[in-house]
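Here's the structure, in C-alpha cells; my notes come after.
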Amino acid sequence: MPSLTFYPLGNADTCLVDTVNGRKLLFDYAHTKCAEDPNDRRINLRAELRSNLTRAGRDDVDVFALSHLDADHFKNSTEFFYLEHSAEYQDEDRIKIRELWVPAAVIVEEKESLGDDNEHLILQAEARYRLKNKSGIRVFSTPGLLTDWLASQGMTVDDVAHLITDAGNLVPGFDRAVDGVEFFVHSPFAQRLDDCSLVNRNADSLVVQATFLASGRETKVILGADTTYDIWEKIVAVTTWKEREERLEWDVFKLSHHCSYTSLAAERGAEKTDPPENVRWLFETKGREKCVIVSPSKTIPNDDADDQPPHRQAASYYRDVVRPKDGEFVVTMDHPRLSQPGPMVIEIDGLGARLVRGSQGGGAAIIGGPAPRAGNNDER
Amino acid sequence: MMRGEYLELSGELVDAADLTVPKAALLAHAVGTGSVLWASLVECRRVQGRDGRPGSEGVVIDLDVEVPQDVVHDIRRRERVLVEFQLEDIRFPEVLALRPDFPLVPHLNLRLKELPRSLCLFDRPYDEVKLHWTAPGFVDRIRSWLAATATGTLHGADQPLEPLLLGTGVVLVLPSDMFAGHETAERDERISLSLVRATGRDTLFAERVPAVAGAPHVERVPCVATPIDVPPQAHGVIRTQPTTLVGLAAFLSSSGVDLIGILRERLVRWVEDPALYGSSLILIVTLPKTRGAGATVEATDVYAFACIRPAGQSSPEAASVDLRGEAPGRMTILEIGARLGLWEILDGHAARLVPADTSRDGADVGLFLMNVTPSLSREGAARLNGLDAADGRRVVAVGAGALGSQVFANLVRSGFGEWVLIDKDVVLPHNMARHALLGGMPGWPKAEVLAELGSTTIDGQPIARGIAADVLAPGDRSEDVAEAFAGADVILDMSASVAVARHLSADREDEARRISVYLSPSGRDAVLLAEDCHRRTPLASLEMQFYRMLAGREELSDHYQREGEPVRYAHSCRDLSARLPQELVALHAAIGARALRVALAADDAVVALWRAEADGSVKRHGVTPAGALVRRVGRWTVVWDDEVEREVRRARDEKLPDETGGVLIGMFDMLRETIYVADMLPGPPDSREEPDGYERGADGLLDRVGRMTAATGGNLVYVGEWHSHPPDHGVRMSEDDRKLFAWLRDRRSADGLPAVMLIVGEREDAWYVGSPLDPEGEPECG
C-alpha cells in the first residue's frame, strides 16, 4: 500500500515515500541520533532504513531528494549513500541512489557560502558529477540559472535540458496511472521581475505536492522543506495566479522548519501565531476533511524558553486548523508515545490518508527487537 | 473536545485506585499509567445498585482510532467511551459511546434507551473471552471495532447482518424463511408454538420447525405468534428496546406500518374462537434491510416480543418470562383486546365495543424481548459447514447401516443433497454399537427413522425420505424404488454388499452416476469408487481396477484381513457384523462424506482407498481410473479396460517378431454372463516364444495368481489365456490355437466356467469364449 513514513529525529527531516508499484523515494536524510547517549530517544535512522530496504529486497532507493543544503536535512547522508563521484564513498553496503533530486542552488552555491561542513562539499560534488555525466540526476530550476556553471564545465543548457524541471511542472518519471503518484513542483521558482527576466532566486529549497491516486481517490501531500512564510505567500500567489489552486490542496502537510512560527508569520504571537491571509488560506481552506499535519520536530514545549522551533504558538495555530476538520496534528518525536517514539506511518488508499495506529502489544513488541543483555557479570 | 460535548454520566466520581471491580481497576490502571497505546483515562465512576442489587463501576477513556479520511460511518479520530463493569463478572463489560451524535451503525446492542449507544464487540460467549481478557487487549478490541466500523468493514462482506439484542432468557426458533432477504410468501397470521422447558431455560418452537414427536420436555403452550411485516428500508427503525405496545407502534409507524390497527383486525377475528382467549401473544417483527434506498434486501432483522404486564406490574428487565398458565407476568389475548379498546371482559368473555375505543392504544401492554433464532436451513447448514452453498443433488442411497447412516448424517448436516434412503433392515440393539442412530427406536425401519431425523434437522421441505425395502427384491415397494432411481442424480451404494453394488451397476438402466462407499472387513480401510459424470466407466469396471490396485501393491495385500473373528458369521466379504470399532466407522464416514462431495464436484471417475494406520494417521491410496472397454462375444459380455489393453500390446511389441502370451485375471459373473478381465500376467520364464508360435510355461504362475486371489479376498481369479499374433497374421485362430482352446475348454467345463482366450494382433484383437453348456460347439468370437 502506498505510504509515507516519518521518523523521530528531533528537529530534522526524513520522509520515505512508498508507491503502489514498489518504488521508494527518500525526501531528505538526517541521521541525528547520538549513539553514545542512552537517553537519546531519536531513532537510529541508518539501521531503520537499512532494515526497511532489506525487507523490500533492495540495496537502493529510486530517488533521494535533497530539499536544500541544511544539515538537518542531510546529516550523515554521506556515510549512508553510495556516491558515484569518489571511490571513497563506494563501500559495498552503501545504499545506491538511482536518481538524485536537488534544487539548482546545490549545484551553483559558492564554496564560501557553503561553510566548513565537509558534507556540503561532498554532496555538491556528487550532484555536479552526476550533472556533468548527464545521468542519475534531476535539477529543479529555471534552466537559465545554470548557464554560467555549465559554461564553466564546457557545457550548455541544451545538453542537460531534459534533466531540469522548472516550478509549475510535474516531475518526469512518475505517472499517476503507473506509479499511483505524481509530483508537482512548487519551489524553487523564479522571481518575476519587472523586465520579465528570470534571474533572481528568492528561495533555494525543493517543495513538492505529491498527488496519490488509489481507487479513484486523490490524496494530496505537501512536503514543505524549510520554507518561510513569505515564500509560502508567494507560492500561494503564483499558483492562484496560474489558476492551479488544486495544486495547493492537501490531505497531509509536512510542516516547514519543524513547526517554527517563521513558516507562518513574521511575528510569533503571544499564544497563537497569526498568519497572513495567503498562508491562512493555504492551511484553513485548502486542508481537507480529516487531514493530517506532521511536525518533524521535538515535542512542543509549554513555554518560550527556547528560541529554536518548535514554537508552541505555531502548534496552537495548527491544532486550531485541524480541529474543525476532525484532523490531526502529530509530532514525530511523540509518536506513538513520548517515551518511545518510532516510525510514523501514514497509509494511503481509496479512503484517503490514515495514520496507522496498530497495537504494539503482544510478543511482537518483545521479539521485534533485541533483548537487553542477560549475564552473570555482577563482579565487574 | 470539551467535556460538555459528551453525554452526562450518573454515579459518583471515584479515584482509579478506589475501584473494587478487579477488571475495572485493571483497565483504569493500564490506561491511567499510559502503558496502553492510543488510550487515555478520563475518569472513573461508581453507580450504587438499586433495591439491594449490586452496583457497577465505570471507566471513561478516550481512544485514538485509526480512521481514514473518507468514512462509511461517522467515527471520529478520537472517541470517548464508558466501559461499565458489573460487580459480578458474568456478563461482558458494556462499552458505551459517549459522543451524543455517535451514529447508528451495525453491531450495536439494543438497549432500553437509545443513547449512549452500546457497542457489540464480541461474537463469542463471555466465558470464552474471559480466558484471554486483558485490559490492553480489551482497549485494542474497542479501537479495532471503531476503526472497522469507520470503514464499514466490521462485517465480512459475505456475512449477513444479524439482529443484535441483549440476551433475554427465552429463545424463539422460527422457520428460516422468515429471515430470508427477500419478499416471502403469504404467511399465516397465526403461528402455533411448542415450548421446550429444561432446567430453567425455555425454548419456543414454531410448529413449522421440525421436531421429533415424543421428544422429552415438549408441551404445547397456549400461545399465538403473529408476524408483522415491515417494508424494506435502508436503516433499522427499532433504535431502542420498546417496553410497551405503543412504543413499538411508534417505531413502526415511521415505516408506514399501523401496528395497533393490524392487531385490532386480527384480534377481532381470533376472539371468535374462545379457545384462544387464554393464549399469550407474541409479535414477530421482520425488518428487511437494504443498503441505500431502493437497493435489494441484504438482510432481515427479526424481533420477537411477548406481550406481558407492563413495567411496575412485571419488570421488563426480568431475565425470563413465563408464558404458561397462571404465570403472573402473562397477558392473554382477551386482556390485550380489552386494552386496545376492542371489548370489555364480562364473565370471562369478550363483550365487543362498537365502535372500538380508540383511546386505548396499548400503552398498558408491556413487551418482553425474546431471542429469535432461525431454524437450520439447507443454506444455513452449508454456510456453517464452510461451504458456499447447499448442494441440491438428488441422492438415492442404498444402505443405511453403520457407515451409510453416518455418511448420511455428515452430509445432510452440511445441507448436502435431497435424499431417498433405501434399506430393508429395522433397528436392532446390536446396530447401536456403530449406527448414526442412538437408542430409543428399536424395531423402526432404519431408512425411515434416519430420513425422519434428517428432515427434522433441516428446516423446510423434508430433506430425506426413507423406503424400507430390499433393493434386490423390493416387492410391493417396487414402484417407489423405481421412481426414486429414475429421479436420482446420484445413486450411492453404501450397502456393504457386492450383490447390491453389481445390481446397481449392471442391471439398472437409470442415468444417475453411481458411487460406492464401503469399509474393509477390519474397518481399517474405506473405499470409494465413483463413476465419471458421463458413466463411461461403470462401477463394476472401477471395482476391477480397485482389485488390480490391491493385487499390485504389497502394502495393501492385507485389505481383506480381519481383526479377530466375526461376532456371528460372515454373509459376504463386506459384512460388517464383525468386531470393528465405532471410531473407525466414524473416521471413515467423515472421510467418505468429504470424498463423496469432492468426487461429485469433479467430472472424473475415482478409485481410492483410505487406510487408518495404527498411529492415527490416514493414508490415501488411489489410481487414475482407466476407461472401460466392453465387447459382446456371442451371449457373453467381456469387460476390460484401457490399462489391460495397453499392457498386452506393450508385451506383444516387446517380443516381436516372436509371439508371446500369458494369462488373464478377473472375475466371472455367471448371473449376468459377464467376464470381467481385471489384469493380465505375462508368460512365466519357462514359456517358449517363437515367430510362429507360443507355449505358455507355468513357472511360479500358480503362486502368483494365488497371491492375487488372496490379496483381493478371493475376487480375482484365473480367467483365461492370451497370446499375440505377429503382423500380417490377423487374429483368427490358427490350427494350434484351436487345439489350445479345446484343451482349455475341456478343463474349464470341469469348473462349470467358460473358456476365455484373447488373441492380440497388429491393430485388432479377438476374444474367444467357449460356453460350458455346449462343450462341442464353435467358440463364440468377438
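Heavy atoms only: backbone and side chains are in, while hydrogens, waters and symmetry mates are out. Numbered from 1 within each chain, the chains take letters A, B, ... in sequence-line order.
Here Val67(B) is the residue among Val71(B), Val36(B), Val67(B) with the most heavy-atom pairs under 4.5 Å with chain A.
The two residues Leu355(A) and Glu66(B) come nearest to each other via the heavy atoms O-CG, 3.3 Å. The two atoms that bring Ile75(B) and Asp326(A) nearest to each other are O-OD2, 4.4 Å, heavy atoms only. Considering all non-hydrogen atoms of both residues, Lys290(A) and Asp74(B) come closest at NZ-OD1, 4.4 Å.
Using a distance-only test at 3.5 Å, with no hydrogens or angles considered, no donor-acceptor pair links the side chain of Arg288(A) to the main chain of Gln69(B).
With rounding to the nearest 0.5 angstrom, the CZ atom of Arg354(A) is 8.0 Å from the OG1 atom of Thr151(B).
Of the atoms belonging to Thr219(A), it is side-chain heavy atoms, and not backbone ones, that fall under 4.5 Å from chain B.
Residues Leu37(B) and Arg357(A) fail the side-chain proximity criterion, which asks for heavy atoms closer than 4.5 Å. Within the 4.5 Å cutoff, the side chain of Arg77(B) has no heavy atoms near those of the Val322(A) side chain.
Around the CG atom of Asp388(B), the shell of radius 6.0 Å holds no more than 12 heavy atoms that belong to other residues, nucleotides or ligands. Within 6.0 Å of the NE2 atom in His73(B), the count of heavy atoms belonging to other residues, nucleotides or ligands exceeds 12. Atom CG of Asp101(B) is surrounded by more than 12 heavy atoms from other residues, nucleotides or ligands within 6.0 Å.
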